[in-house]
Amino acid sequence: MSEDQPRSDDRLEEEADDEQTVPDGSEATGTTADGAEAERADRGAERESPMNQDLPDTTDPSAGTTADPTAVESAGADPTTAGSTDVDRGNGPDVDLDDVVLDDGDSKGLFDDLLSGEPIFENKEVLRPSYTPHELPHRTEQINQMATILVSALRGETPSNILIYGKTGTGKTASAKFVSQELESTSQKYDVPCEVEYINCEVTDTQYRVLAQLANKFIEKNHALIDGRLDHLRNLRREVTEEPARLGDTDYDSLAAVEDRIEELETDREEMETVPMTGWPTDRVYSTFFDAVDYHERVVVIMLDEIDKLVEKSGDDTLYNLSRMNSELDNSRISIMGISNDLKFTDFLDPRVKSSLGEEEIVFPPYDANQLRDILQHRSDVAFKADALTDDVIPLCAAFAAQEHGDARRALDLLRTAGELAERSQADTVEEAHVRQAQDKIELDRVVEVVRTLPTQSKIVLFSIILLEKNGVHNVNTGEVFNIYKRLCEEIDADILTQRRVTDLISELDMLGIVNAVVVSKGRYGRTKEISLSVPIDETEAVLLSDSRLGDIEEAQPFVQARFDN
């Protein structure tokens, strides 16, 4: 075995040398890394044709592909193109790479067609309720009232508390934010510590959450203040170490005093613990907020938007505590600015809270059509590109919004939605038809949202009315609704309320504008409510059936006996 082995190795080396040279003596590249794929294809061809296994391979240097010379000759092909013969014999698909590579320049993706049109908007955010404009038409009087009250904050005094009333979309929040921004910018100009904190009580609706959010905001500001002072003192420490005479320009009499102050600030920073959103006793949260706001001298205006929602959810404890804080604070002063859509919410407040809170009251009246037109024109100049609106768009949006209590927010939503619809249809301009489409879309969206958030019992009552109307019963009375309601509750195994409670639910649906309930007299037979739907039947039914609890009702609709109206 030891004698045969070297001869075997020599023979392998000779075969390897033969494979690495072509018949004309030039070097091959077929076994290099660039030709590895072609070599594997050749080996597959050799396995299929045993006759070719003892023949030397021919390599096309230009193509980097090893091919069988006999196959080339039999095909009558030029040896320089031998690399394609393996494909022809079925060893791989005959595919032109140019056919495989996609031409990215000509292909169009999902959004290409949508982006191909010219945009109509210049800055759509200007039409959103969250935007605070630099100018508020027809609110100069209310803005000046607020400024007159809050100017005392710039003198380091405590401003009176303010309550702002007005219906939705009358500019209350926008005006208050505008005045707040002016107040803070002016305080920086005159180097007076004055801050405004905004809280939406529709979201932050409990005493714990309000106090925790305020505490964390002031803790964050205190951290920034402390960090700035620490940077200054550490730089001073380094300078005094190098040049002791530098202390003469400061309020510190020694390097040790600087060190003590640094240590004191570091301790203050560590002790300011952020309040978690749940878990602490309310008195601890209040104490943390009190310490945070009183850490250094400043005047704070706390703006509570939708303040009636806070009182409705958690009573007037929050307002009582905030309004009484000034008697305990040493360095800071607090003023409250409440914003409400409900003019009567103070009727539910404790008399002491009401007297201290409502020191100044400002009422925002609804806009009329001409005022809404001015507001829309002012915003559209910034929101849209030049000549993007036809002449009748803004007057129509203003007219629609004026019908609904002069709601500027509704007018802005209408104009923005009309622009979006025009842009989606790749129209060059926003026209009257787009405004009418937007009006229908917004109304439907409002109905869908209101119906979707109804309690289950109200949904069953509403579905009962829909069933009656779909079966030809118009001007439905309360008794008919209650009979269908009972059957539906039995079908889905829900609790059955009394007829009096169902009547109350119908009244609530009436207040929401979903149904129209009118009390009519039947003479000696007494009075009853005649009920009719005020919303589209099909869309409303679809929203109700999307509720998992009511999902089976469609398959178990109770028998409805239509009556004939004489």
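Residue numbers start at 1 and run along the sequence shown. Every value quoted in this text rests on a predicted model; they were computed, and no experiment measured them.
Using modelled atom types and a 3.5 Å distance limit, the side chains of Thr204 and Gln213 yield a donor-acceptor pair. For the residue pair Asn216/Glu220, the side-chain donor-acceptor check at 3.5 Å is not satisfied. With hydrogens and angles left out, the side-chain atoms of Asp495 and Gln457 include no donor and acceptor closer than 3.5 Å. A donor and an acceptor atom, one from each side chain of Asp305 and Tyr198, are located under 3.5 Å apart. For the residue pair Asp342 and Ser340, no side-chain donor N or O sits within less than 3.5 Å of a side-chain acceptor on the partner. A donor-acceptor contact closer than 3.5 angstrom links the side chains of Asn341 and Lys172.
The aromatic rings of Tyr286 and Phe290 are tilted relative to each other, their planes meeting at an angle between 30° and 60°.
Taking the ring centre of Phe289 as origin, the terminal cationic atom of Arg284 falls outside the region bounded by 6.0 Å and 45° from the ring axis.
No option in Arg416, Arg409, Arg410 other than Arg416 meets the salt bridge (Lys or Arg N to Asp or Glu O under 4.0 Å) test with Asp413. Checked options Thr346, Ile164, Leu319, Thr318; the residue passing with Ile307 is Leu319 (criterion: side-chain contact (heavy atoms from CB on, under 4.5 Å)). Results of the salt bridge (Lys or Arg N to Asp or Glu O under 4.0 Å) test with Glu197 over Lys177, Arg298, Lys217 single out Lys217 as the only residue that passes.
Taking the six-membered ring for Trp and the full ring otherwise, Phe121 and Phe384 have centroids separated by under 6.0 Å.
Ion pair Arg209/Asp205 flagged as a salt bridge, since at least one NZ, NE, NH1 or NH2 atom sits closer than 4.0 Å to an Asp/Glu carboxylate oxygen. Contact check on Arg269 versus Asp227 returns a salt bridge, with a Lys/Arg side-chain nitrogen under 4.0 Å from an Asp/Glu carboxylate oxygen.
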